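In what follows, a structure is listed as structure tokens, so that the remarks can point back to it.
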Protein chains: 2
Amino acid sequence: MISDISPAEFLKKTILEICPIKDIVLDEFIRLFTVNKIKAGVDLIREGDDGSCVWFIVSGLLRSYYISPNGEQHNKHFFVPGTFCAPLTSLVANQPSPVYIGSLKDTEILSADYSGLEQLYLKFPELNLLGRKLVEWAWIGKERRETQLIMLSATERYKAFQKEFPGLEDHIPQYQIASYLGITPVQLSRIRAKI
Amino acid sequence: MISDISPAEFLKKTILEICPIKDIVLDEFIRLFTVNKIKAGVDLIREGDDGSCVWFIVSGLLRSYYISPNGEQHNKHFFVPGTFCAPLTSLVANQPSPVYIGSLKDTEILSADYSGLEQLYLKFPELNLLGRKLVEWAWIGKERRETQLIMLSATERYKAFQKEFPGLEDHIPQYQIASYLGITPVQLSRIRAKI
DNA sequence: TAACACTCTTAACATAGGTTAATGCTTTCC
DNA sequence: GGAAAGCATTAACCTATGTTAAGAGTGTTA
């Protein structure tokens, strides 16, 4: 659906929809990114790794997830084309990442080194506006997710997931969705049978 | 414990712990804020209101919360002295607030008009660094909360709450804590009886 | 002091969701 | 084609949590 423009153009277009930004700054920003293709099922970062990259999803699907002490995976978020993804806790707090980030489908991304981005922040302080906007929108997403987890039943969360990620459930196994909803695949199957 | 310095000094000190910032910018930033005292149980913003302020908690306690269709309150976060609080979804998306923010104790805050802050962002683009840092840390908090909600049992969430807000449970009713944990007061009572 | 409001606890019962296991359906691979 | 792996469904049973209601403790107010 976005095959008619290059990854860099896709990124540029997405940025400009977030906030205005001078051409010279935008061009240097875009130049930080390089194209990468990864297969399904690959981890970009694992718990304990030091985060050093920011990614923009061109096509495919990424997820962030935790692994609990007993080895169970818990999906936190799905990253669809046109969105950014980064081990923010690690980058900001300069600590090992508490989360995993990996691909669920063959995925094309644009990767930027975070240290390069930080240098650009210093060179062009107004670039912090873009950074602020991106994190603000990410925060709003987390806030909505928190509300759903604390206020909605599993059935309602499933319906909210369908609205938030339209069509996604046809492309990934149900146990990945159940993990995102905070329930077992068995329970999701029961919920689906009832609806 | 912080009674020996003025609210403005407290704010200044807190800012400088987050990121370096030029004196002239910091002074103008501080000047945006005015002291307010509010009684316990007062709402600063209600669902549907247009958010226009940012607050810094000097003393006391604020909470953000949702009210579900059936009238139940669900606490999302407690704001303790030395932290910032704002109806971010409303400010960023320029929409009516989906959340309530109110006081649980007599509370002293510093309030700043968001439009004044936005003007200062334009005047000093490097101020976006502070904005970015503040939202980044807020995001990390939400991420941690999300992880707890999806991965931990209610008992474990209760213990995590005790660690994250030490001493707080002695100052607010248990049903406020239960609401934060996403369980009923009855269930919290059972959990406490077991421990 | 008595009455009231508010909070916490406890009990009895109901429901949502977890656990385990069996079954059947695809898809993949030899 | 047949075997194996991966996934979804279903059933039986168990546990955590919700619901409702009663009672006890505390503080406030008439």
Side-chain angles (χ1 to χ4, degrees), chain A residues 39-42 61 63 65-75 78 102-106 146-162 165 167-195, chain B residues 39-42 61 63 65-75 78 102-106 146-162 165 167-195:
Chain A
K39 286 281 171 196
V42 174
L61 181 68
R63 64 165 172 155
Y65 63 105
Y66 265 84
I67 298 187
S68 58
N70 58 17
E72 280 163 359
Q73 298 187 359
H74 300 266
N75 287 340
F78 298 116
S103 58
L104 286 178
K105 302 201 295 190
D106 290 358
E146 176 190 18
T147 305
Q148 290 172 0
L149 284 172
I150 208 167
M151 222 169 79
L152 303 183
S153 67
T155 304
E156 293 169 316
R157 292 203 299 278
Y158 176 52
K159 289 175 180 170
F161 159 81
Q162 291 175 313
F165 297 100
L168 183 53
E169 72 175 318
D170 301 328
H171 295 285
I172 57 177
Q174 279 179 41
Y175 66 80
Q176 295 288 2
I177 300 169
S179 168
Y180 176 79
L181 299 176
I183 55 178
T184 57
V186 174
Q187 181 62 8
L188 178 55
S189 183
R190 282 192 284 236
I191 287 171
R192 284 163 50 86
K194 261 193 201 167
I195 298 180
Chain B
K39 286 280 171 196
V42 174
L61 182 67
R63 63 165 172 155
Y65 63 106
Y66 265 83
I67 297 187
S68 58
N70 58 17
E72 281 163 359
Q73 297 186 1
H74 300 264
N75 287 340
F78 298 117
S103 58
L104 286 178
K105 304 201 293 189
D106 291 357
E146 176 191 18
T147 305
Q148 290 173 359
L149 284 171
I150 208 167
M151 223 169 79
L152 302 184
S153 68
T155 303
E156 293 168 316
R157 292 203 299 277
Y158 176 53
K159 288 174 180 169
F161 159 82
Q162 290 175 315
F165 298 100
L168 182 53
E169 73 175 320
D170 302 327
H171 295 285
I172 57 176
Q174 279 180 38
Y175 65 81
Q176 295 288 4
I177 299 169
S179 169
Y180 176 80
L181 299 177
I183 56 178
T184 58
V186 173
Q187 182 62 10
L188 178 54
S189 183
R190 282 191 285 234
I191 287 171
R192 284 163 51 85
K194 259 194 202 166
I195 297 178

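Proteins get letters first, then strands, A, B, ... in listed order; numbering begins at 1 in each. In this text, all values refer to a predicted model and were calculated from it rather than measured experimentally.
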Starting at atom CD of A:Glu169, determine the distance to atom C1' of D:dA8, rounded to an integer number of angstrom. 13 Å
In whole angstroms, the gap separating P of D:dG6 from CD of A:Gln174 amounts to 17 Å
Once you round it to whole Å, what is the distance between C1' of D:dC7 and CD1 of A:Ile172? 14 Å
Measure from OH on A:Tyr158 to P on D:dA8 and round the result to the nearest Å. 11 Å
What is the distance from CE of A:Met151 to P of D:dG18, rounded to the nearest Å? 15 Å
Provide, to the nearest angstrom, the distance between the OH atom belonging to A:Tyr175 and the C1' atom belonging to D:dT9. 16 Å
From the 5' end of DNA chain C to its 3' end, which nucleotides mark the outer limits of contact with chain B, defined by a 4.0 Å heavy-atom distance cut-off (strictly under)? C:dT7 to C:dA12
For DNA chain C, determine which residues of residues 187-195 of chain B have any heavy atom closer than 4.0 angstrom to one of its atoms, and list them numerically. B:Ser189, B:Arg190, B:Arg192, B:Ala193
With rounding to the nearest 0.5 angstrom, report the CD to CD1 distance, A:Gln73 to A:Ile67. 5.0 Å
Donor-acceptor under 3.5 Å (A:Asp106 side chain, A:Lys39 main chain): no
Would you mind writing out the side-chain donor-acceptor pairs for residues 188-195 of chain A within the sub-3.5 Å range, not counting sequence neighbours?
from     : atom 1 : to       : atom 2 : distance (Å)
A:Arg190 : NE     : A:Gln187 : OE1    : 2.7
A:Arg190 : NH2    : A:Gln187 : OE1    : 2.9
A:Arg192 : NE     : A:Gln174 : OE1    : 3.2
A:Arg192 : NH1    : A:Tyr158 : OH     : 3.1

Distance-only, no hydrogens or angles: does the B:Arg63 side chain make a donor-acceptor pair with backbone N or O of B:Gly102 under 3.5 Å? no
Among D:dT10, D:dA8, D:dT19, which is the nearest nucleotide to the side chain of A:Pro173? D:dA8
Which heavy-atom pair separates A:Met151 from A:Glu156 by the least distance, and what is that distance? O-OE1, 4.4 Å
Compare every heavy atom of A:Ser179 with every heavy atom of A:His74, then report the nearest pair and how far apart it is. CA-OG, 3.3 Å
Taking all non-hydrogen atoms of both residues into account, name the closest pair between B:Gln176 and B:Phe78 and its distance. O-CZ, 3.8 Å
Nearest atoms (heavy-atom pairs only) where B:Tyr180 meets A:Ile150: O-CD1, 3.2 Å
